[in-house]
Amino acid sequence: MRYEKPTTVEAASALLAGQGARVLAGGTDLLVQMRSRVLSPEVVVDIKGIEATRKISKDASGYVIGAAVTGAELKEHPTLSKDWPGLVEAANLIGSTQVQGRCSLGGNLCNGSPAADSVPALIAARAVATIAGPKGTRELPVEDIMLAPRKLALTTGEFIVSFKIPARPKHGGDAYLRFIPRTEMDIAVVGCGVALALDDGGTCTAACVSLGAVAARPLLVEDAGKALVGTKVDDAALAKLEAAVRAACKPIDDKRGTVEFRIDVAGTLAKRTTLIALERAGKV
Ligand SMILES: Cc1cc2nc3c(=O)[nH]c(=O)nc-3n(C[C@H](O)[C@H](O)[C@H](O)COP(=O)(O)OP(=O)(O)OC[C@H]3O[C@@H](n4cnc5c(N)ncnc54)[C@H](O)[C@@H]3O)c2cc1C
């Protein structure tokens with residue numbers, strides 16, 4: 001196995017275009033999979049030498065977060081937790097303090113698990129990934145990147161450089177909740193991210209609801225968002241949201257939860273997540 005640490009996007013893409021190459025960000029999934037021989041890459045391409053993958057920048061249009069920025073670094077940023085608390089909380093549910101010092105948003109998404117915690121929060125925030133590859137750079141909404149377990153929309157040589165997160169709306173709020181059988185260090189049985197915006201009178205003008213662990217890929221549930229728009233997020237709207245969420249779920253049946261259980265929990269979790277996002281939006 002060869003280890004490479006390029007310092008430019010172009011050099012990384014060229015290395016990744018070669019046979020048997022794999023991106024390394026924090027390594028909290030990759031190294032575990034290499035040790036257990038699930039993966040045996042010939043070349044490991046550490047993207048942390050590329051500045052754009054390691055920084056967070058902010059301007060009037062929002063944030064650009066490097067794909068290899070760690071969960072701990074997201075939390076330490078001076079304004080990100082105020083603007084997008086749900087996203088920061090989701091990233092900081094990943095593993096333990098030690099894992100949070102290494103794990104990244106890019107790795108969480110590209111590991112290709114439907115239960116990845118930060119992905120529904122990214123989707124709810126309408127995050128767009130900037131992808132670099134041998135043919136240049138392109139952008140893709142996060143909900144279009146994971147297609148099935150371990151299957152991504154990235155082609156050979158491509159990797160995620162960063163994520164664009166829009167500026168938080170004036171009366172905007174987001175939240176992420178997951179259901180796990182233990183209190184921490186567990187994989188989501190259901191995860192839910194919600195981001196919404198209100199007008200000055202408290203009517204919902206935009207809402208985005210995303211679910212993890214209830215289908216082969218993280219879901220953007222358009223009907224759940226539509227159920228809130230134009231309402232004061234009252235009981236009737238929340239009942240419609242719950243129904244839309246449950247209708248979208250196509251979970252597996254396993255020892256962590258039956259199909260019926262996951263569908264039931266998803267509706268309740270989406271309602272609770274929405275109420276936290278609403279509170280954060282200021283309930284004007
Ligand atoms: C003890 C423990 C507990 C955990 N708990 C949780 C949890 O609660 N919730 C959860 O969601 N996950 C959990 N995980 C999984 C893991 O920590 C996360 O998925 C993490 O976000 C992966 O990020 P990373 O930077 O370490 O990725 P890496 O291990 O470096 O990479 C993961 C995969 O993504 C690819 N990759 C990485 N970055 C990119 C990129 N920018 N572009 C393209 N491909 C890329 C790699 O090639 C690899 O296949 C846990 C892991 C451990 C060891």
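Just so you know, ligand 1 is whichever comes first in the structure, and atom 1 is the first atom listed for that ligand. Heavy-atom basis, side chains included; hydrogens, waters and symmetry copies ignored.
- For ligand 1, the atoms lying closer than 4.0 Å to a non-hydrogen atom of Leu93 are 8 (O).
- Only the side chain of Arg178 comes within 4.0 Å of ligand 1, counting heavy atoms alone; its backbone N, CA, C and O stay farther away.
- Below 3.5 Å of separation, one finds no N or O of Ala67 facing any N or O of ligand 1.
- When heavy-atom distances to ligand 1 are checked against a 4.0 Å cut-off, Ile47 comes that close only through its side chain, counted from C-beta outward.
- No more than 12 heavy atoms of other residues, nucleotides or ligands shown are found within 6.0 angstrom of CD on Gln19.
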Could you check Glu4 against Arg2 for salt bridge (charged side-chain N to carboxylate O under 4.0 Å, His left out), going step by step and ending with a plain yes or no?
CA-CA 7 Å; Glu4 297 278 358; Arg2 209 170 90 228; 2.8 Å; yes
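- Residue Phe159 places no N or O, backbone or side chain, under 3.5 Å from any N or O of ligand 1.
- Taking atom 46 (C) of ligand 1 as the reference point, the nearest protein heavy-atom neighbour is Val23 O, 3.1 Å.
- Separation of atoms CE (Met146) and CG (Asn111) is listed at 9.0 Å; rounding is to 0.5 Å.
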Working for side-chain hydrogen bond (donor to acceptor under 3.5 Å, both in side chains), residues His171 and Asp199
CA-CA 7 Å; His171 303 297; Asp199 66 15; over 6 Å; no
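- No hydrogens or angles considered: nothing links the side chains of Tyr176 and Ser210 as a donor-acceptor pair under 3.5 Å.
- Using a 4.5 Å cut-off between side-chain heavy atoms of Ile, Leu, Val, Met, Phe, Trp and Tyr, with links allowed through other members, Leu87 and Leu269 fall into different hydrophobic clusters.
- When hydrogens are left out, the protein atom nearest atom 17 (O) of ligand 1 is Thr28 OG1, 2.7 Å; that is the closest non-hydrogen contact.
- The protein non-hydrogen atom at the shortest distance from atom 14 (N) of ligand 1 is Ile94 CG2, 4.0 Å.
- Residue Ala115 places no N or O, backbone or side chain, under 3.5 Å from any N or O of ligand 1.
- The N/O atoms of Asp117, backbone and side chain alike, include one that comes under 3.5 Å of an N/O atom in ligand 1.
- Counting heavy atoms under 4.0 Å from ligand 1, residue Val99 touches it through the side chain alone.
- Close N/O approach between Glu158 and ligand 1 is not found [any backbone or side-chain N/O within under 3.5 Å].
- Between Leu30 and ligand 1, a contact under 3.5 Å exists for at least one N or O pair.
- Some N or O of Ala25 is nearer than 3.5 Å to an N or O of ligand 1, by distance alone.
- The number of heavy-atom neighbours closer than 6.0 Å to NZ of Lys5, taken from other residues, nucleotides and ligands shown, is above 12.
- With atom 27 (O) of ligand 1 as the reference point, the heavy atom nearest to it among Cys103, Gly107, Ala129 is part of Gly107.
- The shortest N or O to N or O distance between Ile160 and ligand 1 is under 3.5 Å.
- The distance from ligand 1 to the heavy atoms of Gly95 drops below 4.0 Å at these ligand atoms: 3 (C), 4 (C), 5 (N), 6 (C), 7 (C), 8 (O).
- The nearest non-hydrogen atom to atom 19 (O) of ligand 1, considering only Leu31, Asp29, Val45, comes from Asp29.
- With contacts defined as side-chain heavy-atom distances shorter than 4.5 Å, the pair Tyr63/Ile56 qualifies.
- Summarising the local packing, CG of Asp235 is surrounded by 12 or fewer heavy atoms from other residues, nucleotides or ligands at distances under 6.0 Å.
- Comparing heavy-atom distances from atom 35 (C) of ligand 1 across Ser113, Cys110, Ser162, Pro41 singles out Cys110 as nearest.
- More than 12 heavy atoms of other shown residues, nucleotides or ligands fall within 6.0 angstrom of atom CZ in Arg54.
- Using a non-hydrogen distance threshold of 4.0 Å, Lys48 does not register as a contact of ligand 1.
- Both Leu238 and Val190 are part of a single hydrophobic cluster, where members link through side-chain heavy atoms under 4.5 Å apart.
- A salt bridge is absent between Lys226 and Glu222: the closest approach of a Lys/Arg side-chain nitrogen to an acidic carboxylate oxygen does not fall below 4.0 angstrom.
- When each atom of ligand 1 is checked for a heavy atom of Ala116 under 4.0 Å away, the hits are 11 (O).
- In this structure, the protein non-hydrogen atom closest to atom 28 (P) of ligand 1 is Gly27 N, 3.5 Å.
- With respect to the salt-bridge test (charged N to carboxylate O, under 4.0 angstrom), the residues Arg256 and Asp186 qualify.
- Those atoms of ligand 1 with a heavy atom of Asp186 less than 4.0 angstrom away are 8 (O).
- Counting the atoms of ligand 1 from 1 in the order shown, those under 4.0 Å from a heavy atom of Arg22 are 47 (O), 49 (O).
- Comment: Arg138 engages Glu158 in a salt bridge, judged by a side-chain N to carboxylate O separation of less than 4.0 angstrom.
- Val45 forms part of a hydrophobic cluster together with Val9, Leu15, Leu16, Val23, Val43, Ile47, Ile50, Phe159, Val161, judged by ILVMFWY side-chain heavy-atom separations under 4.5 Å.
- Close approach of ligand 1 to Gly26 (heavy-atom distance below 4.0 Å) involves ligand atoms 24 (P), 25 (O), 26 (O), 30 (O).
- With ligand atoms numbered from 1 in the order given, ligand 1 contributes 21 (O), 23 (O), 24 (P), 25 (O) to contacts under 4.0 Å with heavy atoms of Ser104.
- In this structure, atom 50 (C) of ligand 1 is not in close contact with the protein, since no protein heavy atom lies within 4.0 Å of it.
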Show the numbers, then the answer: is there a salt bridge (charged side-chain N to carboxylate O under 4.0 Å, His left out) between Glu42 and Arg22?
CA-CA 8 Å; Glu42 286 168 36; Arg22 197 94 200 179; over 6 Å; no
